[in-house]
Amino acid sequence: KNEVEQSPQNLTAQEGEFITINCSYSVGISALHWLQQHPGGGIVSLFMLSSGKKKHGRLIATINIQEKHSSLHITASHPRDSAVYICAAYSGGGADGLTFGKGTHLIIQP
Amino acid sequence: GAVVSQHPSRVICKSGTSVKIECRSLDFQATTMFWYRQFPKQSLMLMATSNEGSKATYEQGVEKDKFLINHASLTLSTLTVTSAHPEDSSFYICSARDLRAAMYFGPGTRLTVL
């Protein structure tokens, strides 16, 4: 059974700061998702990656398969980035093959 | 990129009524869709797997007569919460897997049962 750990659980930062959220997992995976959940609940799929690095705007996701670790970075953070960020590891076990992290609650203060 | 939509985004209903939530894959075919439930400050919990043209597979502890799932086409799955009660109030999220096994998540539906 895959175990997915996210850190930190909560993060408060000032606008403009560089943000890093970490996700580690215990079992080898074939893909990892990063999701953003806004205070109202709506979920946005940010990235799905299986190796290397992906970038979209101010967001960057990296994954190190050997170390079983992924990071989500936010550059020039903004209050609108305030949300819960969830990683989900796809390893094929279970019906959907996904194990979700508990999420990182990010608050960016102006 | 691939998009999954859900409708409605929010619904408020009276206790005892049934509510239908739609999940659509907008630009790809999804042979398999998944329904999740999320309680406040909790992670997503898989409720059931919706397979096109066949019966849904429910996770342990999920009442199949309470949460009816229909996957009538390769782009649409519906979740009907029958005889909803306040304890069914939650955030319901669907995801869809494309033919390459890539997974895409819907934005979610907030259900409030009064």
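Values below: every heavy atom of this structure, side chains too, minus hydrogens, waters and symmetry copies. Proteins come first, then strands; the chains are lettered A, B, ... in the order of their sequence lines, and each starts at number 1.
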Does atom [atom1] of [X] have more than 12 heavy-atom neighbours, drawn from other residues, nucleotides or ligands, at distances under 6.0 Å?
{"X": "His7(B)", "atom1": "NE2", "answer": "no"}
{"X": "Lys20(B)", "atom1": "NZ", "answer": "no"}
{"X": "Glu15(A)", "atom1": "CD", "answer": "yes"}
{"X": "Glu67(A)", "atom1": "CD", "answer": "no"}
{"X": "Arg10(B)", "atom1": "CZ", "answer": "no"}
{"X": "Gln109(A)", "atom1": "CD", "answer": "yes"}

Which atoms of [X] come close to chain A, meaning under 4.5 Å heavy atom to heavy atom: side chain ones, backbone ones, both, or neither?
{"X": "Thr49(B)", "answer": "side chain"}
{"X": "Ala48(B)", "answer": "neither"}
{"X": "Gln6(B)", "answer": "neither"}
{"X": "Leu44(B)", "answer": "both"}
{"X": "Met45(B)", "answer": "neither"}

Residue from Pro107(B), Ser9(B), Gly108(B) scoring the most non-hydrogen pairs under 4.5 Å with chain A is Pro107(B)
To the closest 0.5 Å, what do you measure between CZ (Phe100(A)) and CD (Gln38(B))? 9.0 Å
Is there side-chain contact between [X] and [Y], with at least one heavy-atom pair below 4.5 Å?
{"X": "Tyr104(B)", "Y": "Met48(A)", "value": "yes"}
{"X": "Phe91(B)", "Y": "Ile43(A)", "value": "yes"}
{"X": "Tyr36(B)", "Y": "Leu98(A)", "value": "yes"}

In the single-linkage hydrophobic clustering (I, L, V, M, F, W, Y; side-chain heavy atoms under 4.5 Å), do Phe105(B) and Leu111(B) co-cluster? no
Under 4.5 Å between side-chain heavy atoms, counting indirect links through other Ile/Leu/Val/Met/Phe/Trp/Tyr residues: same cluster for Val4(B) and Val11(B) or not? no
Nearest heavy-atom contact between Ser43(B) and Gly101(A) is OG-O, 3.1 Å
